[in-house]
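Each ligand, and each atom within it, is numbered from 1 in the order the structure gives. Everything numeric in this text was worked out from a predicted model, so none of it was measured.
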Amino acid sequence: MSMEGVCMLKIVRARDYKDMSRKAANIISAQVILKPDCVLGLATGSTPIGTYQQLAEWNKKGDCDFSQVSTYNLDEYRGLSHDDPQSYHYFMKVNFFDHVNIDIANTHVPDGANPDADAACAEYDRIVAEAGYPDLQLLGIGNNGHIGFNEPDDHCFSKGTHCVDLTESTIQANSRLFDRIEDVPRQAYTMGVQTIMHARTILVVANGPAKAQAVHDMCFGPVTPSCPASILQLHPNVTVVADEEALALCEL
Ligand code: F6R
């Protein structure tokens with residue numbers, strides 16, 4: 001037990017990135033085996049890439065069948081077309097969907113190409129609800145504690161899918177994937193915290209020292225909109241798979 005109190009989230013300690021990826025893939029694979037037509041909520045970013053690679057490997061071996069799975073991604077940059085190499089549509093295609101036997105018609109990402117933010121977000125909320133919400137939602141965590149693109153903000157706990165202005169810290173963090181920081185979109189459509197909390201199980205992956213404070217605050221800090229991930233303490237079924245560096249500030 002932590003000196004700081006009981007953590008409501010189940011924490012799985014991983015040795016390193018590879019171990020984190022394999023453990024997370026095992027949890028997702030178990031979900032797919034238990035319910036072959038499950039709904040998965042998926043994330044982009046650097047953290048889950050190894051998890052997707054591991055799942056693709058098991059899929060090739062015939063051990064994890066995605067043919068009946070449907071997926072709903074958390075977010076997409078506003079203003080990028082689906083085939084823009086910086087879009088999350090594209091990311092999911094090259095990092096996961098192209099490598100497994102998923103039916104691409106069953107994969108969903110918010111429509112960043114739709115300039116009508118209200119319509120794009122309302123439609124996304126509608127289809128996620130119609131699918132019955134994810135059986136398992138995979139999340140990364142931002143250095144500032146964001147989940148999806150729900151940035152620290154007084155109202156971040158109360159929203160469904162919506163358009164957000166990205167914070168300077170997120171623009172900085174994401175600029176590593178763009179040629180120039182000016183190219184990083186300033187807005188995104190994201191599933192809201194309300195939508196995320198509907199998932200029946202949640203799996204958070206985190207690695208590296210830059211995540212240590214956010215992981216600590218998510219697990220042991222107060223539940224506050226200044227760390228959006230802290231809301232997960234109120235969800236009944238959250239597992240955090242994190243490496244030693246990301247857990248460095250957690251006394252376990
Ligand atoms: C991505 C997403 C973000 C990332 C977070 C961490 O779909 O919703 O919340 O999970 O920014 O990103 P990485 O993994 O690149 O550190």
Side-chain angles (χ1 to χ4, degrees), residues 14 16-18 20-21 24-25 28 40-53 71-78 80 82 86-97 107-112 121 124 128 134 136-153 156 159-178 184-197 199 202-215 217-218 225 227-232 238 240-243 245-247:
D16 51 24
Y17 181 77
K18 196 161 185 248
M20 176 205 76
S21 302
I28 296 170
L40 298 179
L42 297 180
T44 59
S46 309
T47 318
I49 289 177
T51 305
Y52 293 143
Q53 286 170 347
T71 65
Y72 291 82
N73 262 80
L74 284 166
D75 41 19
E76 176 60 287
Y77 287 119
R78 185 182 192 192
L80 298 190
H82 300 186
Q86 304 290 3
S87 74
Y88 286 172
H89 269 91
Y90 191 87
F91 174 101
M92 288 309 298
K93 205 173 127 48
V94 299
N95 285 296
F96 191 42
F97 299 150
T107 68
H108 309 83
V109 181
D111 184 8
C121 295
Y124 204 64
V128 177
L136 184 153
Q137 173 69 56
L138 175 64
L139 296 176
I141 180 169
N143 298 353
N144 62 0
H146 73 219
I147 47 175
F149 271 131
N150 295 283
E151 303 280 19
D153 165 302
C156 72
K159 293 182 182 164
T161 303
H162 61 288
C163 181
V164 279
D165 295 327
L166 304 184
T167 61
E168 252 336 288
S169 108
T170 298
I171 292 167
Q172 284 286 347
N174 291 6
S175 65
R176 70 190 191 282
L177 305 169
F178 289 77
V184 185
R186 269 33 190 178
Q187 288 187 312
Y189 299 153
T190 183
M191 265 190 205
V193 166
Q194 291 268 318
T195 327
I196 292 169
M197 291 293 278
I202 295 181
L203 170 61
V204 186
V205 284
N207 72 292
K211 300 295 170 67
Q213 189 65 53
V215 168
D217 294 351
M218 165 176 67
C227 176
S230 65
I231 191 89
L232 299 177
V238 180
V240 179
V241 181
D243 74 352
E245 291 179 325
L247 289 173

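Taking the six-membered ring for Trp, Y189 and Y124 have ring centres at least 6.0 Å apart.
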**Study point:** side chain to side chain contact (heavy atoms under 4.5 Å, CB included) between D165 and F149, intermediate numbers included
**Key:** CA-CA 9 Å; D165 295 327; F149 271 131; over 6 Å; no
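No side-chain donor-acceptor contact under 3.5 Å links D111 and H89. If you check the side chains of E245 and N207, you find no donor sitting under 3.5 Å from an acceptor. In this structure, a donor-acceptor pair under 3.5 Å is present between the side chains of T170 and E151.
Applying the 6.0 Å contact sphere to NZ of K93 captures no more than 12 heavy atoms from other residues, nucleotides or ligands.
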Can you produce the list of protein nitrogen or oxygen atoms under 3.5 Å from a nitrogen or oxygen of ligand 1, alongside each distance?
{"residue": "ligand 1", "atom": "7 (O)", "partner": "T44", "partner atom": "N", "Å": "2.9"}
{"residue": "ligand 1", "atom": "7 (O)", "partner": "T44", "partner atom": "OG1", "Å": "2.8"}
{"residue": "ligand 1", "atom": "7 (O)", "partner": "D75", "partner atom": "OD1", "Å": "2.7"}
{"residue": "ligand 1", "atom": "7 (O)", "partner": "D75", "partner atom": "OD2", "Å": "3.4"}
{"residue": "ligand 1", "atom": "8 (O)", "partner": "D75", "partner atom": "OD2", "Å": "2.6"}
{"residue": "ligand 1", "atom": "8 (O)", "partner": "G148", "partner atom": "O", "Å": "3.4"}
{"residue": "ligand 1", "atom": "9 (O)", "partner": "H146", "partner atom": "NE2", "Å": "3.4"}
{"residue": "ligand 1", "atom": "9 (O)", "partner": "G148", "partner atom": "N", "Å": "3.4"}
{"residue": "ligand 1", "atom": "9 (O)", "partner": "G148", "partner atom": "O", "Å": "2.6"}
{"residue": "ligand 1", "atom": "11 (O)", "partner": "H146", "partner atom": "NE2", "Å": "2.7"}
{"residue": "ligand 1", "atom": "14 (O)", "partner": "S46", "partner atom": "N", "Å": "3.3"}
{"residue": "ligand 1", "atom": "14 (O)", "partner": "T47", "partner atom": "N", "Å": "2.9"}
{"residue": "ligand 1", "atom": "14 (O)", "partner": "T47", "partner atom": "OG1", "Å": "2.4"}
{"residue": "ligand 1", "atom": "15 (O)", "partner": "S46", "partner atom": "N", "Å": "2.8"}
{"residue": "ligand 1", "atom": "15 (O)", "partner": "R176", "partner atom": "NH2", "Å": "2.8"}
{"residue": "ligand 1", "atom": "16 (O)", "partner": "K211", "partner atom": "NZ", "Å": "2.6"}

